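Data block below; observations after.
Not measured: the values here are computed from a predicted model.
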Amino acid sequence: STRTTGVVFHVTKNVSVYANESNNVALPSLNQFTLPEDPVPSPQGKTQDVGVMVNLFDNRPTPRVTYYETAVVDTSTSHGTGNVQDRINNISAYMLADGKITQAEYDNNIVRANAYNFDNTSQGWEGEIVANLTPEWRLMLNASTNKTGITSVGTAVRNYIAERHAVWAAAAPSNEDLAEQLQLLDDWVQVNLVDRDGGKTPLTPDWTINLRTNYSFRSGVLKGFDAG
């Protein structure tokens with residue numbers, strides 16, 4: 001669900017300032033689970049923006065500048081079950097075989113995990129100009145900056161492992177296979193969760209520039225068609 005509020009103030013006939021805020025809660029992914037076997041929570045987001053718009057020369061060029069901030073809590077992303085789930089369950093299985101835990105303890109500690117959560121933020125400036133060159137021809141140029149960040153990466157996964165790590169580490173010297181699984185788990189958590197915490201959101205450019213044009217045919221055999 002999304003709730004949006006906004007206001008526009010016309011400073012003069014040709015100059016307007018505006019502000020918007022939207023809050024949304026999305027449905028969680030139904031096939032994603034994080035440690036120990038919990039469905040991922042619903043992501044919640046908030047966006048705020050303020051800007052100014054100017055109409056020049058009878059609306060032929062219409063420049064607009066906007067500053068925005070966006071924050072999303074509990075975004076989730078999938079990972080292979082072999083990365084966390086299977087390694088933790090393998091550690092428990094080796095401890096059971098070595099007599100370090102009981103069958104009941106093993107059964108109670110089987111985990112299910114194929115995802116982790118993180119919070120992400122973005123902020124930046126967006127500039128846009130729409131030029132109505134003729135009644136039929138429109139040109140649109142958009143440029144934006146985007147500074148992103150991710151925090152609280154895999155908190156549930158990291159906390160679960162931290163609470164049990166000392167017990168697993170104590171059992172590792174007597175079982176090479178257990179020690180290997182623990183090392184693989186630690187390496188994956190370090191590279192994919194710890195090292196990414198505080199970094200930028202993957203696959204998000206710092207700058208985006210778009211140029212679009214559209215021509216509407218108002219007469220002749222192509223009347224009613226657009227090209228762009």
Side-chain angles (χ1 to χ4, degrees), residues 1-2 23-47 69-98 100-101 105-124 146-173 175-206 208:
S1 63
T2 302
N23 296 270
N24 65 80
V25 178
L27 292 174
S29 177
L30 299 180
N31 61 352
Q32 289 185 336
F33 296 84
T34 190
L35 290 178
E37 53 180 352
D38 300 325
V40 295
S42 298
Q44 302 179 52
K46 180 178 182 178
T47 299
E69 293 182 352
T70 299
V72 182
V73 177
D74 283 331
T75 300
S76 63
T77 187
S78 297
H79 61 77
T81 57
N83 296 317
V84 174
Q85 170 186 298
D86 294 350
R87 286 169 183 164
I88 291 177
N89 289 338
N90 287 341
I91 290 171
S92 296
Y94 290 130
M95 293 182 68
L96 175 63
D98 291 346
K100 291 184 167 58
I101 60 174
E105 289 174 320
Y106 171 80
D107 293 341
N108 289 334
N109 284 283
I110 292 295
V111 299
R112 182 183 184 188
N114 63 358
Y116 63 86
N117 289 89
F118 61 92
D119 302 339
N120 65 287
T121 60
S122 63
Q123 64 181 60
N146 191 25
K147 181 180 179 181
T148 65
I150 57 174
T151 57
S152 302
V153 180
T155 302
V157 174
R158 292 160 64 181
N159 288 346
Y160 183 93
I161 292 173
E163 291 170 1
R164 294 157 177 79
H165 199 276
V167 174
W168 296 340
N175 190 314
E176 292 182 359
D177 293 328
L178 190 158
E180 180 184 20
Q181 290 296 304
L182 182 57
Q183 186 62 58
L184 290 171
L185 178 64
D186 287 344
D187 291 345
W188 189 90
V189 169
Q190 182 67 42
V191 171
N192 293 278
L193 304 183
V194 176
D195 290 350
R196 291 184 179 179
D197 207 317
K200 64 178 294 186
T201 306
L203 304 177
T204 54
D206 294 330
T208 302

### Task
For side-chain contact (heavy atoms from CB on, under 4.5 Å), just list the numbers for W168 and M95, CA-CA rounded to whole Å, side-chain angles, deciding distance to a tenth of an Å, and then say yes or no.
CA-CA 8 Å; W168 296 340; M95 293 182 68; 3.7 Å; yes
### Message
I'd like to check H165 versus L182 (side-chain heavy atoms, cut-off strictly below 4.5 Å). Are they in contact?
### Response
yes
### Query
How about Q190 and D186: do any of their side-chain heavy atoms sit closer than 4.5 Å?
no
### Task
Indicate the atoms forming the closest heavy-atom contact of G82 with R87, along with that distance.
O-NE, 3.3 Å
### Task
Scan N159, I161, V153 and name whichever one has a side-chain contact (heavy atoms from CB on, under 4.5 Å) with V157.
I161
### Query
If you take all heavy atoms of A26 and S42, which pair is closest and at what distance?
O-CB, 3.2 Å
### Query
Under 3.5 Å, is there a donor-acceptor pair between the side chain of N120 and the main chain of G149?
no
### Query
Do you know the tightest heavy-atom contact between P205 and T208?
CG-OG1, 3.7 Å
### Query
Minimum heavy-atom separation for I91 to L185, with atom names?
CD1-CD2, 4.4 Å
#### Entry: Nearest-0.5 Å distance that lies between atom CG in N175 and atom NZ in K100
7.5 Å
### Task
Using atom types as modelled and distance alone, determine if a side-chain donor or acceptor of Q123 lies under 3.5 Å from a backbone N or O of E69.
no
### Query
Between D187 and Q183, do the side chains contain an N or O donor and an N or O acceptor separated by less than 3.5 Å?
yes
### Message
Do T77 and T75 make a side-chain contact, defined as non-hydrogen atoms from C-beta onward lying under 4.5 Å apart?
### Response
no
#### Entry: Heavy-atom donor-acceptor pair, S76 side chain to V40 backbone, under 3.5 Å
no
### Query
With sequence neighbours left out, what residues match K200 under side-chain hydrogen bond (donor to acceptor under 3.5 Å, both in side chains)?
D206
### Query
Taking atom CD of Q181 and atom CG of N89, what is their separation to the nearest 0.5 Å?
10.5 Å
### Message
Quick check: closest heavy atoms across N31 and N114, and the distance to 0.1 Å?
### Response
O-ND2, 3.0 Å
### Task
Could you tell me whether the side chain of T151 reaches within less than 4.5 Å of the side chain of D197, counting heavy atoms only?
yes
### Task
Would you check if P41 and N117 make a side-chain contact, meaning some heavy-atom pair closer than 4.5 Å?
yes
### Task
Starting from the C-alpha separation in whole Å, work towards a yes-or-no answer on side-chain contact (heavy atoms from CB on, under 4.5 Å) for H79 and V84.
CA-CA 8 Å; H79 61 77; V84 174; 3.9 Å; yes
#### Entry: Non-hydrogen side-chain atoms of S152 and F118 separated by less than 4.5 Å
no
#### Entry: Value rounded to 0.5 Å, distance of CZ in R112 from CD1 in I88
15.0 Å
### Task
Would you name the heavy atoms of P36 and Y160 that are closest together and state the gap between them?
CB-CE1, 3.6 Å
### Message
Quick check for you: to the nearest 0.5 Å, what is the distance between E37 atom CD and N109 atom CG?
### Response
10.5 Å
### Query
Which distance, rounded to the nearest 0.5 Å, do you find between the CG of N90 and the CD of Q85?
10.0 Å
#### Entry: Spacing of D86 atom CG and L184 atom CG [to the nearest 0.5 Å]
12.0 Å
#### Entry: Validation row: W188, L193 side chains within 4.5 angstrom (heavy atoms)
yes
